[in-house]
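Down below is the structure, laid out as structure tokens.
Quantities reported herein were computed from a predicted structural model and do not represent experimental measurements. FYI, side chains are in, hydrogens and waters are out, and symmetry mates aren't considered; it's all heavy atoms of this structure.
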Amino acid sequence: MNFLSALFLSLLVSFHINASALAASGSGPNCSLEFSETAFDEKRFTQPILKACINEINNRSSKHDPVALLYKSQLALLGLGERKSRRSARIALETAVDAGSIIARRYLADMFINKIGADREDFLKAEGFYLAAIKNGDTKSNERLAQLYLDGKIPNKTAQDARLLFEKAGQGNADTALGKAKALLKEGAGQTNLRQVSQLLEKSADLGNAEAQFMFATLNLHNDDLTEKNSAALQALLCKSAEQGYPAAMLECAKHLLDQAKPGIAIALLTRASDLNHVDSIDYLAKYYSKRTGNKHKNLAIKLWFKAATLGSDAAKLELIYRFDTLSKAQQLNVNGAFKSPNVFKTDVGRIMAANHYLSVVRRGQSGTYIKGEYFYYRDAMNAYEQVAQSDNAVLAKKAKPIARKLRAGFDRYTDNLKTRRTIRKAAPWIALGAVTIGILALSGNSSSNTSSSSTYQHDSCAGINGLAWYGISSTAIALAGCNPYSFD
């Protein structure tokens, strides 16, 4: 064999060996993707890298390589090299499970949870995949399943079940420490638990978790023996959480900045949180603008309240209802169609506040003022009290039942009276409802600004909770009614 032939053979063998090595490592001429479950789970890839490795991923996937199938699911979700399809991603993950991938079970479970319109059946399927992954040693699935239990998505699973899973997930993780703190809070806010909660939140906050920073600061700002120095440190922690993009912290930091006469930064934070659809921030920003002079600010406030109401805020729905007479015709139609019925309120407190306002409108009608749609105000108030009478909150239900009964008993007499008033179009005080009216006046508490029917009414961020002093509600009961989740007795 001559020299040139020998050289050619040597280069050919060398190319074959190098090509085999590249294929074994998952890399081709343009592919730098690391084919391992760890690399996939830690997201050590970008879209450009995936795009450069489409052929390699598809070739390996066709041979049922479990790691390649994980990447194949990402190609389907991102629409790289194929049509974007959650179904194709799910099929790739299911095939990866069959091929022996452990973490594919967790990713399958995540898909069921994050599915639009996910229901109980989806959550139960997710639980099954998480349990299978846990059985095969995937500790991250403990954390995911714990959160599913904590959110109440699985029947007959308690906060204690969630806490035990968080404990199995490990000790050094910021999310795990936060999860355990939340589980302990849900189990009960006794003094021992609160100390543990504070320690866990501090640990998670030190590890950089923005939500934990917010919760730790909020929890400890309630301490009666808080020093000025510690208070300043906690306020700084709130604003650090806000800087990291946690919306609830943006709201609290903005309040602090407003107290320090720094409205520019505060409004910027509130606007950012509002853009993230943080309902309480939208409500607060709307209230801020409503207190400013000029139609521009008033109109902006109304616009923000419509946004918050659409996102489910009872406080915003109440603001629109109280300001009904000041709205445009189109806005009034929107309120009547979307936010006036007691069925649209998420909390019993919201229903009661709306009902009391509706009854104040009815009383104006009984005093001689012509009220368009007065019948519907009475009906909605009655329905609201009847709904609260069936509430799981025993305190609220007990107070609402007698009012609901009286309103129902007087309904026929009210409609007859209304027909008469509509016919003669003059004041005709309705004596028959006197007892009910007295009861309503006693309940709504005329000395409280929370029951005012004025179009300039201002209520707190908890849908008028301050107007419920007649219930004697504790902060724990307030939290159950849908108010500040970090209020403690």
With sequence neighbours excluded, residues passing side chain to side chain contact (heavy atoms under 4.5 Å, CB included) with P263: L258, Y288
E386: salt bridge (Lys or Arg N to Asp or Glu O under 4.0 Å) partners, not counting sequence neighbours: R408
Audit row: T420, N417, side chain to side chain donor-acceptor pair (under 3.5 Å) steps and yes/no: CA-CA 5 Å; T420 301; N417 176 268; 5.9 Å; no
Is there side-chain contact between T271 and L285, with heavy atoms separated by less than 4.5 Å? yes
Salt bridge (Lys or Arg N to Asp or Glu O under 4.0 Å) involving D175 - partner list, sequence neighbours excluded: none
Looking only at non-hydrogen atoms, find the nearest pair between S360 and H357 and report the distance. OG-O, 2.5 Å
Check whether any side-chain heavy atom of L327 lies under 4.5 Å from a side-chain heavy atom of I302, and answer yes or no. yes
Is there a salt bridge (charged side-chain N to carboxylate O under 4.0 Å, His left out) between R105 and D138? Walk through the geometry before answering. CA-CA 9 Å; R105 294 173 170 84; D138 181 43; over 6 Å; no
Mark yes or no for whether S231, through its side chain, and E228, through its backbone, hold a donor-acceptor pair below 3.5 Å. no
Verify the neighbour count for atom NZ of K401: are there more than 12 heavy atoms of other residues, nucleotides or ligands below 6.0 Å? no
Begin from the C-alpha positions of L93 and M111 and carry the test side-chain contact (heavy atoms from CB on, under 4.5 Å) through to its verdict. CA-CA 10 Å; L93 288 173; M111 284 196 73; 3.6 Å; yes
Does the S73 side chain pair with the main chain of A89, one donor and one acceptor, at a distance under 3.5 Å? no
Show the nearest heavy-atom pair for residues I282 and L304, with the distance to one decimal. CG2-O, 3.2 Å
R272: which residues meet the side chain to side chain contact (heavy atoms under 4.5 Å, CB included) condition with it, sequence neighbours left out? M250
State, yes or no, whether a side-chain contact exists between N142 and F166 at a heavy-atom distance under 4.5 Å. no
Test your reading of the model: is there a side-chain donor-acceptor pair from S204 to the backbone of L200, 3.5 Å cut-off? no
Between N356 (side chain only) and M353 (backbone N and O only), is there a donor and an acceptor less than 3.5 Å apart? no
Under the ring pair (Phe, Tyr, Trp, His ring centres under 6.0 Å) test, residues paired with Y358 that sit two or more places apart: Y377
Verify salt bridge (charged side-chain N to carboxylate O under 4.0 Å, His left out) between E252 and K255, making sure each step is shown before the conclusion. CA-CA 5 Å; E252 296 306 318; K255 291 178 181 178; 3.4 Å; yes
Is there side-chain contact between T139 and I134, with at least one heavy-atom pair below 4.5 Å? no
A309 to K317 - nearest heavy-atom pair and separation: O-CE, 3.6 Å
Min side-chain heavy-atom separation I113-Y130 under 4.5 Å: yes
All pairs passing disulfide bond (SG atoms under 2.5 Å apart) where residues 269-310 contributes a residue, at least two apart: none
Just wondering, do K125 and K115 contact through their side chains at under 4.5 Å, heavy atoms? no
Listed once per pair and sorted, the disulfide bond (SG atoms under 2.5 Å apart) pairs that draw on residues 370-420, sequence neighbours left out: none
Quick check: do Y289 and K298 have side-chain heavy atoms less than 4.5 Å from each other? no
Could you give me the CA-CA distance, side-chain angles and deciding distance for Y107 and Q74, then say whether side chain to side chain donor-acceptor pair (under 3.5 Å) is met? CA-CA 11 Å; Y107 282 90; Q74 290 300 299; over 6 Å; no
May I ask you to decide if K153's main-chain N or O and D151's side chain share a donor-acceptor pair within less than 3.5 Å? no
State whether the side chain of T218 and the backbone N or O of M215 hold a donor-acceptor pair below 3.5 Å, judged by distance alone. no
Sequence neighbours excluded, which residues qualify as ring pair (Phe, Tyr, Trp, His ring centres under 6.0 Å) partners of F123? none
Donor-acceptor contact present, side-chain R163 to main-chain L184, <3.5 Å: no
Between K140 and E143 (salt bridge meaning N to carboxylate O under 4.0 Å), is one present in this structure? no
Heavy-atom check, side chain of L77 versus side chain of R86, under 4.5 Å: yes
A146 to L165 - nearest heavy-atom pair and separation: CB-CB, 3.6 Å
Under the salt bridge (Lys or Arg N to Asp or Glu O under 4.0 Å) rule, collect the residues that match up with K303, sequence neighbours excluded. none
Test of understanding: with side chain to side chain contact (heavy atoms under 4.5 Å, CB included), list the residues that count as partners of L131, not counting sequence neighbours. E127, L145
Donor-acceptor contact below 3.5 Å, side chain Q332 vs main chain F324: yes
Passes side-chain contact (heavy atoms from CB on, under 4.5 Å), R87 versus R90? Steps please. CA-CA 5 Å; R87 182 176 181 276; R90 178 174 55 80; 3.8 Å; yes
Looking at every non-hydrogen atom in both residues, tell me the closest pair between A355 and A384 and how far apart they are. CB-CB, 3.8 Å
Side chain to side chain donor-acceptor pair (under 3.5 Å) evaluation trace for Q244 with N209: CA-CA 9 Å; Q244 294 186 74; N209 186 288; over 6 Å; no
Closest heavy-atom pair, G410 versus Y378, reported as atoms and distance to 0.1 Å, is C-OH, 3.7 Å
Could I get the full list of side chain to side chain contact (heavy atoms under 4.5 Å, CB included) partners for N334, not counting sequence neighbours? F306, A338, F339
Between the side chain of R421 and the main-chain N/O of G365, is any donor-acceptor distance below 3.5 Å? yes
List the residues meeting salt bridge (Lys or Arg N to Asp or Glu O under 4.0 Å) with D110, not counting sequence neighbours, and say none if there are none. R144
Using only atom types and a distance under 3.5 Å, with no angle test, would you say the side chain of S198 pairs donor to acceptor with the backbone of L194? no
For the pair N336 and F376, evaluate side-chain contact (heavy atoms from CB on, under 4.5 Å) and give the outcome as yes or no after the intermediate values. CA-CA 10 Å; N336 281 334; F376 297 104; over 6 Å; no
